[in-house]
Amino acid sequence: MAVTLEHYLVVSITLFSLGLFIVMTRRNGIRMLMGVELILNSANLNLIAFNRYLPGMDVSGNIFAVFVIILAAAEAAVALAIVLAIFQQFSTIQLDEISSMKH
Amino acid sequence: MGNVESLAYFVPELVLTVTLVLALLASIFGVDRAKWDVIGALSLVGTIVAFLFHIALYDKPATIIFQGMLVHDMFALFFRGFFIFCTAIIIFMTMFSSEVFSLKKGEFYAILLSVTIGMCLVASSHDMVMIYLALELMSLGSYILAGFARKIGKSEEASLKYVLYGGVSTGMMLFGLSLLYGLTGSTGFEGVRQGLANASGGIDLAVYAIFIFILAGAGYKIAMVPFHFWAPDVYEGAPTPVTAYLSVASKGAGFALLIRLAFSILLQPGESGAWIEVGSINIDWMFTIALLSAITMTIGNLGAIVQVNLKRLLAYSGIAHAGYILMGVSTLTTAGLESVIFYLIMYLFTNLVAFLVIIMMVEAQDDDRITAVRGLWKRAPYSAVFMTVALISLIGIPPAAGFVGKVYIFFAILQSQMYWLAVIGALNTVVSLYYYARIIKAMFLEEAPDAEPFTLKPVYLGLLIALTIPIIYFGLFWNPLVNYAKFCAQLIQ
Amino acid sequence: MESQNHLLTWMTFWPLIGAAVILCTPSRAKLFIKQLAFLFTLPSLACGLWMMKDYDPALSYQFVAKVPWIETFNIFYFVGADGLSVPLLLLTVFLCPICILASWGINDRVKGYFSLFLLLETGMLGVFISLDFFLFYVFWELMLLPMYFLIGVWGGPRREYAAIKFFLYTLFGSVFLFIAMIVLYINTGSSFDLTTLGPDIAASSFWANAANLKWWLFLAMFVAFAIKIPAFPFHTWLPDAHVEAPTAISVILAGILLKMGTYGLLRISYPILPDMAVKFAIFIAVIAFINIIYGALVAMAQTDLKKLVAYSSISHMGIVMLGMAAMTPAGMNGAVLQMFNHGTITAMLFLLVGVVYDRAHHRNIDGFGGLAKNLPVYAGITAVAFFAALGLPGFSGFISEVLAFMGGFMSHILWIRIITIIGTSGIVLTAVYMLWTYQRMFLGPVNEKYADMPDCTLREKVTLIPIAIIVLVLGIFPNLLINLFEPTMGRLVELLSKNF
Amino acid sequence: METLAWLILAFPIIALVIQYFFGKKLPRQGDWLSTGAIGLSLICSFILFIKVIFIEGDPNYLFQVSYPWFTGGGGLDFTFGFHIDNLTAVMLMVVTIVSFVVHLYSIGYMHGEQFYDSFFAYLSLFSFSMLLLVLCDNLFVLYISWELVGVSSYLLIGFYFWKDSAADACKKAFITTRVGDVFMFLGIMTLVLYLGKFNYTEIFEAVSHGEISGWVITVAGICLFGGAVGKSAQFPLHVWLPDAMEGPTPVSALIHAATMVAAGVYMVGRLFPIFSSSPETMLVIAYIGLITAFFASLIAITQTDIKRILAYSTLSQLGYMITALGVGGFVVGAYTAGLYHLMTHAFFKALLFLCSGSVIHAVHTNEITSMGGLRKKMPITAITMIIGTLAISGVPFFSGFGSKDAILAGALQFGLEHPQHFPIFLGLLIGAGITAFYMFRLIFLTFFGEPRDQEKFDHAHESPVTMTIPLIILALLSIIGGWGLYGALWLNALIVPPVIGEAAHEAAAHGAGHGSALAHYGAMVLSLLVAFGGIVFSYMVYYKRSISVEMLTKKMGPLYQLSYNKFWVDEFYEKTVIAFVMKSRMVLRAFDNTVIDGAVNITAPITRGTAMISGAVDKYIVDGLVNLLAIVVQAIGAVSTLFQSGVIQNYLLKAACAIGALLLIHNVIMRVLY
Amino acid sequence: MDALHSIIFYILAAIVLASAAFTAFSSNLVHAAFSLLFTFFGLACLYIQLGADFVGVSQVVVYVGGILVLLLFGVMFTGSIAGGITRQTLQTKWSALVLVVLMAVMLPIVYVTPWGVMDAPQDKALTSNVELIGKLLLTDYLLPFEIASLLLLVALIGAVVIARGEPKVQDKVEDKNETAAV
């Protein structure tokens with residue numbers, strides 16, 4: 001079976017869903033960050049795949065993906081710093097336990 | 001326009017960037033250990049200078065700059081002015097607030113300025129790459145700002161919730177943008193719209209999904225249901241100046257983002273101020289946004305009723321107001337855009353006054369619950385009066401500015417014959433009275449058993465007066481603002 | 001635009017100036033503040049009297065000033081007076097000084113009280129002079145806040161509940177008014193002009209085919225006004241607000257605020273949507289009937305004197321509505337006359353309640369008894385007020401009730417006639433609760449507890465007797481007032497009758 | 001004529017104003033002022049009377065003037081004016097004379113009372129209202145004066161307001177009569193609705209031209225008559241009058257015997273063309289009158305309170321008048337007879353009341369069972385009272401004879417012409433006998449025999465001159481009024497019965513005067529017989545004691561009870577109402593609180609019950625709904641914040657859930673639509 | 001060529017999805033982190049297969065070299081290497097349900113939507129686009145490039161500010177979240 005764009009999209013959507021699943025179900029903060037990375041990667045896969053299959057020699061998809069990678073790194077750094085700060089304060093990164101503000 | 005020529009249009013942002021760098025440098029050299037908040041003053045001066053440059057740019061004609069990355073149009077100008085003005089006020093607030101950890105004030109101002117730059121870029125983006133970057137720039141800064149409080153615990157929690165929620169939301173939006181790229185083969189807004197217009201049909205489902213994903217990103221910024229969950233927690237936990245900033249500027253940026261994307265990509269101008277779908281797309285955007293707006297304001301207002309914390313209450317109130325403003329968006333007309341701009345101006349002054357009073361409350365008593373304002377009229381009569389003005393403006397009762405904001409929005413939606421939405425909006429106004437009046441009640445009708453009177457710092461009083469006068473003045477003479485809103489509701493085509 | 005007449009503007013904004021002046025006065029000078037407040041209500045009264053000099057009942061809008069306000073929205077500062085507003089303006093400027101006098105006993109946060117009061121006066125006068133819908137709405141809402149504070153801060157034990165209830169109810173109504181206003185504006189070529197909206201709609205082909213929309217619009221406006229009136233079932237804010245409010249504020253509430261509902265119907269709903277007014281007539285009449293009977297019955301069940309008076313207001317406002325629903329000349333004139341008369345009579349009643357409350361510190365009707373023996377003056381004035389309230393000839397209330405009922409009886413709609421016939425039983429019910437109350441309070445054996453209660457003071461007499469005189473004079477010479485608005489109402493009825 | 005009319009009205013109202021505001025400061029608390037004012041009115045009335053009756057001497061004389069008053073809009077103009085004809089003139093005389101006499105009498109009777117000044121102010125108010133009622137020329141002013149009379153009655157009955165019974169009675173009187181007033185108002189409105197006029201003459205003209213249809217005029221007539229039922233205390237709204245005796249005796253004489261209660265009769269007479277246009281109305285009037293006349297006289301037999309006896313006799317006599325007017329629609333002489341009786345009754349009933357007042361003043365009790373033999377102590381009172389009694393009993397040469405006889409004659413003639421209505425005559429005839437009986441019972445028990453309460457007897461003394469002079473004046477009038485037959489004929493010439501409309505046609509068709517002579521003499525003979533029968537029976541029972549009261553009581557047991565308890569009408573109202581009310585506990589509670597008095601007893605439990613219920617509705621349902629709404633809003637608020645779990649993963653789940661839902665719904669909709 | 005292409009795709013897709021799934025379901029955090037390594041690598045390979053060599057390399061450098069290491073540091077700092085002590089997941093059923101719905105909605109969209117693709121993507125030359133990207137980054141995308149640098153600066157400062165543990169004031173008012181009594 002020839003690989004078409006749809007194949008890549010299915011992979012990407014599955015990846016997206018797995019990422020979403022992680023952030024929704026995992027209590028551990030770092031694991032949640034991994035989920036976020038998966039979501040970003042799924043978008044990147046989209047961008048690259050589209051760029052490949054779209055007509056023309058345009059590389060804007062690739063450039064978009066590059067920026068996404070940079071941003072992912074920055075975001076991961078900040079988020080991790082926050083998680084670490086949380087750990088310092090609460091001695092846990094089971095994030096559902098940190099819910100002093102609600103309602 | 002080429003990159004170099006474009007710099008002429010970019011001066012305010014450049015000034016902000018320079019200020020940012022200067023603030024960082026000053027911080028490194030330990031200036032923030034000085035008794036007097038030098039960095040704050042520096043940042044304030046930088047913002048003011050940026051604002052002045054910004055005003056000077058009004059004369060320039062609308063154009064696309066930075067190789068299609070940004071636009072210079074009235075809409076972008078409005079938001080830039082809005083953000084810089086708001087930032088200036090927030091810097092001013094922060095300078096006199098003890099909530100922000102004083103040893104890190106240099107960094108605080110720097111990040112605040114970076115967020116402002118991000119917001120300005122969001123409002124003027126003309127490319128998906130650019131808008132995503134700008135969004136991330138402002139978001140990252142906001143995550144950090146939320147964690148800046150002097151006290152432990154809540155601030156970190158706020159920051160954490162914000163970053164995770166924001167990360168997922170922007171991720172979803174990115175996913176949507178990537179699909180949009182796939183549909184049209186372009187990242188520039190013009191190309192995207194062209195691509196959608198040229199599509200042969202059958203893309204409705206995809207466009208709708210993309211739209212929803214984009215809403216996830218924009219909606220979380222404006223605290224729209226169902227992407228509002230972070231707002232109450234973050235508002236409560238963040239330092240009050242940051243909360244004020246999030247509730248005004250960040251919300252504005254969210255609207256800028258939503259309108260930019262929706263009106264530059266999915267819609268094109270039609271007859272008599274109405275905006276219509278591009279190409280063969282046939283989706284009832286109006287209803288979707290209107291529905292979300294109705295749910296948003298209802299949830300916001302109902303949620304606010306049971307709150308005890310003032311900041312949290314204002315968070316819910318902010319959600320409700322996001323719903324009101326979304327009503328204006330949902331019309332998909334130029335009048336709707338005008339009403340959004342108009343309302344945001346009103347909301348800016350009103351909310352800043354309210355938060356300023358809360359900051360003072362927190363300064364004086366280290367307590368931000370409604371019970372803390374009991375008997376405020378006797379203890380600090382001026383702040384009680386100013387708070388009341390802000391609250392009646394939030395309720396939407398003349399002669400406060402919030403009223404005319406509502407007038408404009410209702411005008412827009414009724415012109416689009418969305419009567420059901422108008423009725424829901426009206427009923428929500430009534431519900432909102434219930435909790436706003438609770439604050440008024442606490443200030444005027446209840447007695448604080450052991451609270452002591454406190455005096456206003458003169459700077460605060462001056463700022464309060466400066467912000468309150470527009471509330472009343474624009475509530476009575478809003479003609480210039482209408483003209484301004486009409487002027488600003490022009491997106492480049 | 002011909003020359004502008006600023007008389008009404010001065011009349012309306014004098015109190016506002018007063019409020020500003022009071023705010024600048026040191027709060028220790030309590031007596032001075034009171035005197036100042038009183039002084040600042042007088043120019044408005046003078047303006048009102050001056051207005052009478054030039055007022056010509058035969059013409060329609062007079063003392064007109066029309067200045068662009070918000071050009072982009074075609075909003076004008078457009079004020080003027082016609083036969084409908086003149087009586088109410090007079091009533092307002094007349095009652096306000098009296099209420100200031102009646103508030104002389106306020107000693108807590110005097111500055112706030114009197115400045116809010118003056119602000120309230122501006123709001124009330126503003127409603128009556130506005131000929132621009134938007135301006136009307138601004139003034140309409142402007143009254144809410146002072147009223148909220150006046151009830152909420154200086155009211156009785158349940159003041160907070162009463163104040164918020166008042167606020168919520170009124171806002172609930174006015175948001176619908178707001179929507180209706182904007183819908184009208186949008187669909188009538190962007191006009192807020194109350195004087196031209198009606199003709200515009202009548203001439204427009206859009207509106208000719210929009211019966212459904214008109215129906216809803218009328219309903220929306222009716223809800224807003226019905227809450228102010230207050231019409232059943234929107235009336236429950238009224239007893240609470242009246243009972244908890246300080247005396248002078250109860251007077252203002254009952255005397256003037258309630259009139260705004262009916263005024264709004266006559267000023268806005270009827271002329272703008274006359275065809276819908278005719279359609280709604282029967283509905284209004286039914287509500288009027290319920291108001292009359294239900295108000296009287298509930299009044300009878302009260303033990304709190306103030307609550308009783310409050311419910312009597314509901315009953316009396318029902319008569320106003322009945323007259324309006326009839327849409328006959330007599331009915332309309334009766335309604336407007338009753339608006340004025342109820343204003344004066346109920347004002348008296350509330351002032352009287354205040355007098356006895358100041359002395360006994362309770363208002364339980366059964367807690368008195370035989371007061372007439374030791375307080376002859378008070379009993380006498382109360383008798384006048386009660387008799388006036390129950391529609392005794394010789395007092396003004398009688399004429400207006402008769403006119404309203406006659407109007408209802410002459411209605412073009414058979415059902416309204418029948419409703420009127422049953423509604424007249426309200427006359428008896430009113431007599432029952434009024435006299436019964438009078439008996440329990442003033443007649444019978446003397447309650448020893450209050451044997452040495454002092455009679456009315458000079459200040460109280462000064463507040464009460466002018467109203468009593470007006471009540472009497474209008475009872476004997478109702479033409480003094482009727483002539484003012486009869487031509488205006490005639491035009492309105494003519495307009496309505498085209499739609500039958 | 002105009003000036004006179006204005007003056008007649010002006011004197012009392014000026015007196016009222018001065019007296020009300022400055023009465024206390026005037027010498028003698030201003031009693032002279034009110035009395036003088038009504039005296040001046042009397043003089044003016046007298047001049048007017050002379051002018052109208054003797055100088056003009058025209059049976060159809062009518063002076064009418066009207067001034068614009070105010071406009072109701074749409075051509076509905078209200079006027080004020082005078083309608084002066086012979087009836088007015090006669091009535092004016094009656095009112096001013098009785099009023100003046102009562103003023104005079106009050107100076108003595110009320111001496112030293114608290115609020116003496118107010119009393120005279122109220123009397124002035126009453127005089128003014130009554131004169132206005134007589135003089136006015138249109139229905140609207142009639143209604144106004146009607147109400148004013150009611151309120152002055154309220155004030156005067158409640159004069160001893162610190163007594164609960166007085167306070168109850170005045171309220172009961174006002175409210176009961178107001179029920180009638182509402183009907184009257186509706187009647188007026190009906191007429192105005194169809195004719196657009198208030199003026200008597202215009203209305204009469206319109207009616208005679210048949211401008212309004214039969215049933216409308218019937219409805220209007222019956223409604224208007226409702227007013228008379230209330231004010232003249234006709235069955236079933238009669239309950240207030242006996243209680244009204246709580247007022248000071250002069251008040252009872254003035255208002256509740258001579259003038260105010262006669263206002264209903266006067267009104268029927270005045271508006272006769274309206275009533276007589278509809279035979280149905282006339283019959284209703286006649287029978288209502290008959291019922292009242294007959295059963296009030298039955299009640300009077302067993303009462304022991306002197307004023308109550310007189311009150312019931314008043315009821316009964318008013319019934320006669322009303323019946324006469326009702327019959328007057330069919331028989332020519334009856335109309336005049338009724339009005340004639342109104343006049344004569346005014347004098348002798350005022351006399352009787354003032355006499356009773358004199359007696360009460362002397363012995364300080366109302367109970368005739370505690371009196372006896374008083375004729376020795378107070379001869380003037382006794383003689384004048386006997387004159388009054390003879391008059392009311394219809395003894396020849398006294399005023400009552402002529403009028404009552406005329407009424408009976410009318411009824412008999414009517415009965416002969418329409419045999420189905422013969423009971424009217426029978427009832428009236430028997431009533432006449434009973435009247436003679438109970439009035440002489442009163443006389444015998446009060447003035448003859450042995451004193452039953454020696455102590456009271458010892459303290460009794462003749463009243464002062466200010467009280468006896470009025471008695472003498474009235475006694476004279478009671479005799480002079482008895483021109484007997486001639487009087488009736490004289491009046492007949494003056495007050496032409498305005499018989500118009502169908503009833504008249506009917507009468508004409510039956511040939512009026514057919515049995516007229518027969519009826520006249522037959523009635524005279526019969527009435528004389530029953531009157532003397534009643535007197536003799538009374539003499540035997542209460543003077544000679546040849547028939548034991550106890551035995552009678554025993555024999556007539558149930559009947560006695562019936563009469564003694566006033567046919568249980570008050571109780572009937574109460575009991576039926578209670579039975580109704582018992583059904584709900586809620587209302588029962590209301591009832592407990594409210595069984596206070598009569599007229600409100602009629603209405604109070606029901607209205608109060610409804611009031612309680614509607615109050616509860618207001619409090620719990622309408623208000624409850626609002627509060628419930630608040631609670632619901634609050635609850636929803638709480639629920640909506642429950643979403644705010646504080647757990648970040650949970651927030652994300654909900655957001656994702658919303659996205660999924662939105663997409664799903666949209667996709668499904670798209671599938672369905674396209 | 002096509003077949004080879006397909007095989008490579010399926011293998012890479014399998015690696016990516018399997019490792020991502022392991023990341024999602026593994027109870028050991030360190031294992032999950034390492035499994036993520038395969039995901040990133042797999043994705044990088046997919047990128048390269050799709051002709052995006054620059055992105056692929058960047059992916060390896062940034063993700064594997066940067067982010068993953070960062071995450072592992074995080075794991076170690078927070079001492080959460082040893083998993084399985086406590087419950088690690090919550091609301092799995094609901095999440096699964098939501099995701100099933102989401103997938104069920106999204107997958108059809110993928111197939112019914114006429115993406116603006118070429119008829120024959122194979123014809124498109126697979127040349128290195130590094131140069132083009134580089135050019136564009138410094139011309140058309142210069143502003144985003146600069147902004148990205150600003151963003152990185154902010155992220156750096158922010159991360160430092162937040163992570164640098166400084167003494168903070170203890171919150172006085174502990175429980176402010178009692179339900180409002182209106």
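Side-chain N or O atoms of B/Glu157 include one that pairs as donor or acceptor with a backbone N or O of A/Ser100 at under 3.5 Å.
Residues B/Leu140 and A/Ala74 approach most closely at CD1-CB, 3.9 Å, considering heavy atoms. Among all heavy-atom pairs drawn from A/Met32 and B/Leu164, the shortest one is CE-CD1, 3.7 Å. Residues B/Tyr181 and A/Asp58 share a closest heavy-atom pair of OH-OD2, 3.4 Å.
Aromatic ring pairs are classed by plane angle as parallel below 30°, tilted from 30° to 60° and perpendicular above 60°; the pair B/Phe175 and A/Phe16 is parallel.
In terms of non-hydrogen atom pairs under 4.5 Å with chain B, the most contact-rich of A/Gly61, A/Ala72, A/Ala85, A/Ala79 is A/Gly61. Per-residue counts of heavy-atom pairs under 4.5 Å with chain A were compared for B/Val168, B/Ile144, B/Thr187, B/Leu160; the largest is that of B/Leu160. The candidate with the highest count of non-hydrogen atom pairs below 4.5 Å against chain A, out of B/Gly167, B/Gly171, B/Ser186, is B/Gly167. When A/Phe90, A/Phe64, A/Phe67 are compared by the number of non-hydrogen pairs under 4.5 Å with chain B, A/Phe64 comes out ahead. Looking only at heavy-atom pairs under 4.5 Å with chain A, the residue among B/Ser178, B/Gly166, B/Pro232 that has the most is B/Ser178. Per-residue heavy-atom pair counts under 4.5 Å with chain B were compared for A/Asn44, A/Ile70, A/Leu95, and the maximum is reached by A/Leu95.
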Just do the side chain to side chain contact (heavy atoms under 4.5 Å, CB included) check on A/Phe50 and B/Leu179 with the steps written out, would you? CA-CA 8 Å; A/Phe50 280 131; B/Leu179 291 179; 4.1 Å; yes
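Atom CD1 of A/Ile39 is separated from atom OG1 of B/Thr170 by 9.0 Å, given to the nearest 0.5 angstrom. With values rounded to the nearest 0.5 angstrom, A/Ile86 atom CD1 is found 9.0 Å from B/Lys161 atom NZ.
Annotation: residues 127-137 of chain B contacts chain A through B/Met128, B/Val129, B/Tyr132, B/Leu133, B/Glu136 [non-hydrogen atoms, separation under 4.5 Å]. Below 4.5 Å, heavy atoms of chain A meet heavy atoms from B/Phe213, all part of residues 206-217 of chain B.
Both the backbone and the side chain of A/Ile13 come within contact range of chain B, judged by heavy atoms closer than 4.5 Å. Interface residue A/Leu71: only side-chain heavy atoms are found under 4.5 Å from chain B. With a 4.5 angstrom heavy-atom cutoff, B/Ser139 does not touch chain A via any of its atoms.
The stretch residues 178-196 of chain B participates, sequence neighbours left out, in no salt bridge (Lys or Arg N to Asp or Glu O under 4.0 Å) pair at all. Applying the salt bridge (Lys or Arg N to Asp or Glu O under 4.0 Å) definition to pairs two or more places apart or across chains, none involves residues 66-79 of chain A.
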